Amino acid sequence: MKNLLTNAVVIVATVFLFASSSFAQTNNKLLKNMSEENAGLILPAKFKATMLAENLGKTRHIVITPQGGIYVRLAKPVNNKGTLFLQESKGKAVVKNGFGNYGGTGIYIKDGYLYSSSNQEVFRYKLNSKSEVINPDAPEKIVTGLIERWQHETKSLVLDNDGNVYVNVGAWLNSCQEKDRQRGSMGRIGCPMLDSAGGIWMFKADKLNQTYSDGVRYATGLRNIVGLDWNQQNNQLFVMQHGRDQLHDIFPDLYTVQQSALNPAECMFALKKDDNAGWPYLYYDVAQHKNVLAPEYGGDGKIAADSKYLEPAAAYPAHMAPNGLLFYTGNQFPEKYKNGAFIAFHGSWNRSPEPQAGYFVVFQPFKDGKPFGDWEIFADNFSGSPEKTASGRADRRPCGLAQGPDGSLYVTDDSKGSIYKITYNK
Amino acid sequence: MFKNIGLAGIAVLLAVTSVAQQKKATAKTPPTTATKASIVAGELVYTQFCVSCHLPDGGGVQNMNPPLFKSSWVNGDKSRLVTTVLGGMSQQEIDGERYNNVMPAFMYLTDKQVADVLTYVRNSFGNKKTAVTVADVKPVRAKMPK
């Protein structure tokens, strides 16, 4: 009986292996043909991608001026320049200049100013009528002294229509344990860091040298936000959270490796002032569709979290790292995209040793300012192949998103320092 | 059910293939029997405690968890390496790059587990360095803060 079973396993495994590898080969060939015309990306019909530039550095968030100029932030300055300005000509973007000797992620244009963040500060630069920075060496310092302790250090930002800038201050621990990422270590009572991290802070957009005491903790219980955008349709801040890591590593008796790879969800939140999304006390379970109590605070993977905490507006598969969020307000793309959200998923690592996931740009349909219907993959194959996605050794990783004045979509990749432009041909 | 059996079978086949490939890559001067046994035992420790951050290929995660090959830490001083495993690590630049995640302390691993996993890591992913033994681990543990 045992022999029979062993033989059956070997036969099934062999057949399955051959079947799946030949399928993968055909599939890869097909993918290659499909993607060659789109700078390696796979897109819906009638969309076209071109690579405007590459090898720029660790290109993070990006904005496009009304004239079509490109500002992009670098995680680490290149030749002492942390922000690059590029102009497009004949399908390529050329670096015209760079400025600001500080790395970082956040960048946004509002009311004649370019806002940009280091990992501790927010600056702004006055723009001229061509949206060029007038004095690149003398920005106004708007916010200073934000906490930066290596983990979740980036300070993404966006502005509303009432003169406020919203800045993420990421939690500098995974799940607020007494000992970060330590097996069995329980959560710090009251998670004291939430007074200065793990949330979104609101500051005046035009006041100089603001510190925590000048700002408002707009929303808390958010582990780390990288992708965020202001929804103009209902005048509201939307953010994408990077969910907590390592459920199995920390609590191996409660979570299998597989469960840990598939949980928790990466969540989109629609925020109002004083919202609390519940980190580190909870996480959103992918299969149970609910906030469950975190194991660091007595949870077992099933106990529901306190209902006072905010529910996500939408949930996505675990660990895919949403680094960019953009509400599409252009007219170039078909009607269904209007006012919907593009989300750049940088790609996972914390599914290991299970297959990794992400490395694509997703479209989330919206209706009346709320997610409506299922998300779909919009731009895929940043990794280079399904195998590279599974291993996590992706060639490229999407990060920042921006919309051009003609409704084109721009996507950065911070692995090879590239900028893609995606257009639609009727 | 059948699908699960098939997937398990594939996982076993892939694991066997990857072990075979690694052995091929590092088999120029054959290690001693004791070292070989330590490498085999160390792979199991790696799979249980290290793989989620450093990944199956030892390549780590860009900007977050350092790779274990071409690493001056892995291939350098043994006592520094043992200290790193037992005590963890944070806010430490490695070979000029920043890795933002915290490595927790692994004091709860036995001296043998630490020796095995480091011997495995120092002889995998293209590394080829001398074994770490229990005798290397003991004095380091004795000096660690309790």
Side-chain angles (χ1 to χ4, degrees), chain A residues 5-6 8-21 58 75-76 103 119 148-154 170 172-174 177 179-185 245-250 252 257 260-261 321 346-356 390-394 397 414-415, chain B residues 1-18 43-44 46-69 85-94 96-109 125 145:
Chain A
L5 189 64
T6 316
V9 168
V10 170
I11 291 165
V12 170
T14 313
V15 168
F16 199 89
L17 188 65
F18 276 102
S20 63
S21 74
K58 295 180 177 180
K76 203 171 166 182
N119 293 332
E148 196 254 317
R149 295 194 185 173
W150 287 50
Q151 278 191 79
H152 308 145
E153 77 281 27
T154 58
W172 38 270
L173 297 172
N174 172 40
Q177 294 170 279
K179 289 183 179 170
D180 193 23
R181 297 176 192 267
Q182 182 80 51
R183 178 164 294 200
S185 173
D245 304 324
Q246 294 186 284
L247 285 165
H248 167 78
D249 289 337
I250 300 169
V257 169
S260 192
H346 200 224
S348 70
W349 64 269
N350 195 222
R351 289 173 170 242
S352 169
E354 298 288 297
Q356 305 293 345
S391 70
R393 298 294 164 225
R397 306 183 73 182
D414 64 354
S415 277
Chain B
M1 184 61 199
F2 257 72
K3 196 179 165 198
N4 283 342
I5 292 171
L7 286 175
I10 289 172
V12 169
L13 285 178
L14 289 178
V16 170
T17 321
S18 86
E43 184 174 14
L44 293 175
Y46 185 84
T47 305
Q48 199 177 346
F49 298 99
C50 315
V51 75
S52 73
C53 294
H54 293 289
L55 274 63
D57 64 2
V61 182
Q62 199 179 15
N63 307 320
M64 303 188 95
N65 310 320
L68 302 176
F69 44 75
V85 171
L86 291 177
M89 181 192 263
S90 71
Q91 303 198 358
Q92 174 66 56
E93 269 193 21
I94 295 172
E97 286 292 324
R98 261 178 72 143
Y99 298 94
N100 287 346
N101 275 1
V102 162
M103 174 167 164
F106 287 91
M107 278 296 269
Y108 55 86
L109 295 183
F125 323 127

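A note on names: the letters A, B, ... follow the listed sequences, proteins ahead of strands, and every chain is numbered from 1. Given the structure is predicted, the values throughout are model-derived calculations rather than measurements.
- The candidate from A:E354, A:R183, A:R351 with the greatest count of non-hydrogen atom pairs under 4.5 Å with chain B is A:R183.
- Using the six-membered ring where Trp is involved, B:F106 and B:F49 have ring planes that are perpendicular, over 60° apart on the 30 and 60° scheme.
- A pairwise comparison of heavy atoms in A:S352 and B:V51 identifies OG-O, 2.6 Å as the closest pair.
- Neither the backbone nor the side chain of A:Q177 comes within contact range of chain B; no heavy atoms are under 4.5 Å apart.
- With a 4.5 angstrom heavy-atom cutoff, A:D249 touches chain B only via side-chain atoms.
- Expressed to the nearest 0.5 Å, how far CE of B:M64 lies from NE2 of A:H152 amounts to 5.5 Å.
- Of the listed residues (A:K58, A:Q182, A:K179, A:R393), the greatest number of heavy-atom pairs within a distance under 4.5 Å of chain B belongs to A:R393.
- Side-chain N or O atoms of A:R397 include one that pairs as donor or acceptor with a backbone N or O of A:H346 at under 3.5 Å.
- The contact between A:S415 and chain B is made by backbone and side chain atoms together, counting heavy-atom distances below 4.5 Å.
- Formation of a donor-acceptor pair under 3.5 Å by the A:Q356 side chain with backbone atoms of A:W349 is found in this model.
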